[in-house]
Structure formats: structure tokens, C-alpha cells
Amino acid sequence: MLKDFFLNEVEEAILKAIKDNKLGQASEYTKGSLMIEKPKNPDFGDFAVNVSSLARTAKIAPPMIANAIVEYLSAKDYSVSIVGGFINFKIENALLANAVEEILTKKENYGKPDKIEKEKILLEYVSANPTGPFHIGHGRWAAMGSALANLLKFYGHEVYQEFYINDAGSQIQKLGNSLKIRVRQELGENVDFPADEVERKNFYPGDYLIPVAKKYVEQNPGITSDKLDVKVLSDFAKKEMEECQKKLLEGFRVHFDNFYSELDLHNSGKVEESYKELMAKGMLYEKDGAMWFKSSEFGDDQDRVIKKADGSNTYLTADIAYHVDKLKRGFDRLINIWGADHHGYVARVKASLEALGYDPNKLEILLGQLVNLVINGEEVRMGKRKNMVTLDDLIEEVGVDATRYWMEMRNIDMTLDFDIELAKRSTDENPVFYVQYAHARVCSILRNAVNDRINPETGEQIKAPMTQKELDDLIHNFDKNIILKTADTAKTLILKLEEFKSVISLSAQNRTVYTICRYVQELAAEFHSFYNSNRVICDDVDLMKSRLALMVAIRITLKNALDILAVSAPEKM
RNA sequence: GCGCCCGUAGCCCAGUUGGAUAGAGCGUUUGGCUACGAACCAAAAGGUCGGGGGUUCGAAUCCCUCCGGGCGCACCA
């Protein structure tokens, strides 16, 4: 990419200059310590590098250093100017034509780096209890996680997506008890959940179990209240909830490779196994009748109970076994997306891996801030179960594209206010439509280039400027001289297209999805701006061809980016 | 009290890991469709980067401190 190209140019020049003793007292330079940036003011140039940081070791003023380095630059296909400690580069059209050519050649692979250190990554996200429908917060992890998976795959990693089902523990009992009440209601009994706040917490009083109860009664004709078995009911409800969650995820374009059951983990003996291993390594001790893990020896603020006084395991015990199992399955890297409310668990899970002799740095935990639902400008508290807005409702109301985009467009470190009204609106306030509109518009131009049209006023037929075959030829047998025709007017647009490669690299390395959203909005803006001041289909045939090639490049890049976000790229809207 | 996240234009957010005059979008004001989609474009106004110290050639960015908001601090999951 062009950034790397200029960085390489500068670094080569520096090394030569040092060899010739032209950089004062600087005797060495480590590659990668300088950075190519885009000048704030485009008059300076298209790319720039600030060499001021070399001033200290060289003991020369920054402008002098810049001058010395410039002496060694090839200046082929670009020109150079110096302002203070900045070396500014202005690129020539040949480089722009190369950029477009690259897009047309690589197509759906455009944006992928040539070579990376490929890793086998296990990405775990959502991982909810199978005790009810997803709420709006799960939607953020679902959208971000799946987009991150797409991004890392696109970047070149091998990504395995996993959902950890929290199907063991007291909440399943609670689910069974709740369904029992719903089934008894279905059988005509006059029962309800306890009115007392505290007792009510032992149940899930949401309406969503009513249809499950109906289904259970249908499938078990003749069942009576006295024959209801909580264990059977829990299993039934659990299965129903899991099905319901899986269906929703598919519709939300979230595809897991595996659903990993916590219950299976317990039954497999792996939990007991890692417990014994910790014991064998002397990492456990007994206090107040419980077994404690010495996590504070590995950076946690305190030790943690790993087996309760009643002999049962804590959640952490299973989580340790789960993460050990992930590593045993041969992954180079584990990435988890967790809600910020779980941040206290980071230290203890990492501690356990270290205690068992694994590298805790293989586990990356991305903590995401929570989501607030905003209706009519007012924050709606999520805590109250009865007013819960489910993810299902939200998608139904807002649509998959807009819901995903709004979840993806914010930095994970930010609390997200999800404004339903705003997300629904298909106006300027909604960036997802702005981007999709750009794609549709490009497609429209490409259609017009090959379709006959009718003049709405005179009614006469206007012949298409070219055939589909001519358009295909233009793309497949790309002539670099053609694109040079439009390089001047489309310079910022082409540079933006070229930037996609940097955006992918940075986003993948930093595990950020919102940067893709920002990019795609910027690219759409560049296109719309270009569109308003330049006609693509015009009388100058070479110019038209040149701009059509550019349109195809835009369509490819927009599509590649939107595919990562799993937001559709419509040809018409 | 302790830990993590956040505080940048009226609103919502960027800010390329310490660099050039702090930037987009929305909203406001003003212009632009008898040729490719106006769900668009162009322009203007709008800032004590929460406050105060410090580090250095240089700070929205790093350190300290205070203020404000969110989330955690279980032998729950």
C-alpha cells in the first residue's frame, strides 16, 4: 500500500544517509519507528512523514535532517517538499492508476494483505444463558463479534466462532420452575409467580414461556399438574430457548461454528480434571470449608473460591476448564468478547491459565461497554424484566442492516445509546442508508452505461453508450492509460480507495470494527462528492471508460467493506 | 473505599498510539436538480479538548490530582 511504499522509501534513504554519515550523531535506525501520515492540509501533499523524532539522537535541527534524507530519495512517481520537520510527498498519476488497477484485478480479495502471520483464532462471543430471549445488549456482541470474525478472516486468519452455552447451574432449575408455573396455568390452574420481590427473583416471569408451555402441553396430551417434573421441564425449556436463540442469530447473520455446552463440559470430566491439576500444582488451599485458588499470586486482587463448602463448583471452575480446553484444541489465540460487567473475571481467568503453565497472553479479552436503549430521547432501563425489549423486537422494528450497523459503528469502549427512532429513520441522520445509497448509485450508473434508456420528455429511445461486453472488457483487460484520464479529478477518491488496505490492517490488528464503518462512510462521501461534480457517462468515450472503471473499483471496495460488516450492499433501494 | 470504561462544537462521535491551523455527521443558516438516483452536493457559523498541576522542542493524546457519569467489587451464573 502507498503508506508502506513511502515508509520504505524514507527508511531506505535514512539507512543510506547514516551509512554516508550525513545524519549527524545518529548511528542507527530501527525500522518502523517512523510513521506515514496524511497531512492535515492537502496543500502540503498526499502523504507525509515527520522526522523530528530523529533530531534528538542526531543532534541536528529537524529541517536539516529532512533535507539530508531527501537527498537520498528516488522521487520516482512522486515529488517531495520539506516544511519544518515534515517531508511531504505528492504522488503522480501513475501511482493512482496502479491503485485502481489493483482493485479491478483483485476484486473480492481487494484489501487483503499479501502476507501476514496467520493465526488460528478461537473467537468466543454472546455466550448467553439459554433461559430467555436475547436482550438488546446481546445484539451488540452478536453484531460486533460476527463482524470481527469476518474482518479477521478477511485479513487472513483462520477463525473459529464459538458460543458457550451457560446451561449448567441454578438458573436452569429456575427456568424449570418458571415453566412449571406456566404449564399449570395452561392446564387451567389459578397459580402465578410470587408477588414478593425477593421470592420472585427465583423465577423468570417473562411472557416468553407461555408459548413454550402451550407447546409442552400439546406434546404431552393428558399431562396433569401432579406429574410435572422440573428436570424434564428445564430440559424442554432449555432446548426451546436454544432453538429460538439459534434461529435469531442466523437471521442476524451471525454464524457460529460451534455451540459449546457447559453441561457437556462438566459431564466430560474436564472440570474435575483441571481442578485436580490445579491441586497437583499446589495452587489450591482450604479455608472455611471451601477450596480456594491462589489467583492473587498471578495478578488478581484476591484469591477465588473454586469449590464451595457444599462441594459444588463455582462458575470460575468451569470457566478455567473451558479455557484450558480451548488451548488444548490447538488454537494460537483466544479472543473473548465480554460485557464490561464481567471485567472482574479477566484477572482470575488469566491467572488460572498462568498457574496451569499456559501463556496468559494467548487470551485476549475485549471488554465492551453496555447498551442503553433510548426511546423518544429517554433512556429505558433494561433491568426491569417486564419492560424488556428483546433483540427480536428490535430487529423486527429496525431491520437487520440498520441494527447491525448501529451496533458496529461505535467503539467498543463507549457505552452505546441505541436510539430506536433514529435507527429506523431513513434520513441523513442514519449513516447506514448513506453508505448503501452510494452503492446503489454506483450500480445505477453501471446499469445506465449498458442499458438503453427512454428520454422522459421526448419519449425517444437513447441508445446505451456501450454494451455489457465492452464494459466487461474494460474491467478484465484493464488499460492503465485509460484511468490516467480521470486521475486528476478523482485523486482524493482514489486515495480513499487505496486507504482501504491500511484500514483493514489497522482494524484487524486493533480488533476494531467501528473503524470499518468510519471508512465506509468516508468512502461514500468521497464518491457522492465526485458524483456531483463529474459526469461518468459522457461524450468523451475515453473519459467515460476511465470513470466507469473507477465506478467498478468503488463498487468492489464498498462491497468488500460491507460484507465484513454483514450489512447488505443493495443494487437498488 | 478499590478496580475498569468514559468526559472533545447545541447533539452524537473521530482524532492514525506525542506532531502542521483539533475534525466528520446531525441540527442551524445560505446556495445547487429541463442529462448518470436531491436518500445527494457546496459553503458558513459553532471549541478554555471536564478543572488544575507536571513531563519536553511539542500534549486532546503520557504522569499526578480533583470533579462529573457508567459498570463491577459473591462460597450467583
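We name chains A, B, ... by the order of the sequence lines, and we start the count at 1 in each one. For clarity, every value in this text was computed on a predicted model and none was experimentally measured.
In terms of polar N and O atoms assigned as donor or acceptor, the side chain of A:N88 comes within less than 3.5 Å of the base of B:rA20 in a complementary pairing. No hydrogens or angles were tested; on distance alone, a donor-acceptor pair under 3.5 Å links the side chain of A:H343 to the base of B:rG3.
Residue contacts shown for A:S53 include a base, since a base heavy atom lies under 4.0 Å away. Within 4.0 Å of A:K307, counting heavy atoms only, lies no atom of the nucleic acid at all. Contact annotation for A:N510: base contact, defined as any heavy-atom pair under 4.0 Å involving a base atom. No contact: A:A318 has no heavy atom under 4.0 Å from any strand.
On the C1' atoms, B:rC49 is 12 Å away from B:rG23, given to the nearest whole Å. For B:rC6 and B:rG18, the P atoms lie 15 Å apart once the distance is rounded to whole Å. Atom name C1', nucleotides B:rA43 and B:rG54: the rounded distance is 43 Å, in whole Å. Taking atom P on both B:rU61 and B:rU8, the two are 14 Å apart, rounded to the nearest angstrom. Comparing B:rG47 with B:rA22, their P atoms are spaced 13 Å from each other, to the whole Å. Distance check on atom P: B:rG53 versus B:rA60 gives 14 Å, rounded to whole Å.
Note: CG (A:D452) to P (B:rA35) measures 20 Å, nearest angstrom. One can place CG of A:D419 at 15 Å from P of B:rC11, the figure rounded to the nearest angstrom.
Distances shorter than 4.0 Å separate none of the side-chain N or O atoms of A:R447 from OP1 or OP2 on B:rG37. Within the 4.0 Å cut-off from OP1 or OP2 of B:rC5, not a single side-chain nitrogen or oxygen of A:T415 is found. Distances shown here put every side-chain N or O of A:Y519 at or beyond 4.0 Å from the OP1 or OP2 atom of B:rA14. An OP1 or OP2 oxygen of B:rA20 is reached within less than 4.0 angstrom by no side-chain nitrogen or oxygen of A:N50. A:K308 has a side-chain polar atom (N or O) that falls below the 4.0 Å cut-off from OP1 or OP2 of B:rC76.
Across A:L370 and A:A340, no two heavy atoms sit closer than the pair CD2-N, 4.1 Å. Closest approach of A:I136 to A:M407, counting heavy atoms only: O-CE, 3.5 Å.
B:rG7 and B:rC67 make up a base pair, with Watson-Crick or G-U wobble contacts both under 3.5 Å. If you check B:rG1 for Watson-Crick or wobble pairing at under 3.5 angstrom, you find it paired to B:rC73. Base pairing of B:rA42 is made with B:rU30, judged by Watson-Crick or G-U wobble geometry with both donor-acceptor distances under 3.5 Å. Across every strand in view, B:rU56 sits unpaired, with no contact that passes the Watson-Crick or G-U test at under 3.5 angstrom.
Summarising the local packing, CD of A:E571 is surrounded by 12 or fewer heavy atoms from other residues, nucleotides or ligands at distances under 6.0 Å. The local environment of CE in A:M466 is crowded, with over 12 non-hydrogen atoms from other residues, nucleotides or ligands closer than 6.0 Å.
A cation-pi geometry, defined here as NZ or CZ lying under 6.0 Å from the six-membered ring centre and within 45° of its normal, does not hold between A:K174 and A:F203.
An aromatic stacking contact between A:Y434 and the base of B:rA39 is absent, as defined here by ring centres under 5.5 Å apart and ring planes under 30° from parallel. Lacking a ring centre under 5.5 Å from that of the base six-membered ring together with a plane angle below 30°, A:Y437 does not count as stacked on B:rG37.
Toward the 5' end of RNA chain B, the nearer of the two residues A:A340 and A:R535, judged by each one's closest nucleotide, is A:R535. Nearest-nucleotide mapping onto RNA chain B: of A:V83 and A:A309, the residue sitting toward the 5' end is A:V83.
Ring orientation note: the planes of A:Y260 and A:Y322 are tilted relative to one another, at an angle of 30° to 60°. Ring geometry for A:Y285 against A:W292 counts as parallel: the plane angle stays under 30°, on a 0 to 90° scale with 60° as the upper cut.
In B:rC33 the base sits syn relative to the sugar, since the glycosidic angle is no further than 90° from 0.
Closest approach to the A:S529 side chain among B:rC71, B:rA42, B:rG32 is made by B:rA42 (side chain taken as heavy atoms from C-beta onward). Ranking B:rA14, B:rG37, B:rU16 by closeness to the A:N411 side chain, first place goes to B:rA14. In the set B:rG19, B:rC71, B:rC36, B:rC36 carries the atom at the smallest distance from any side-chain atom of A:S444.
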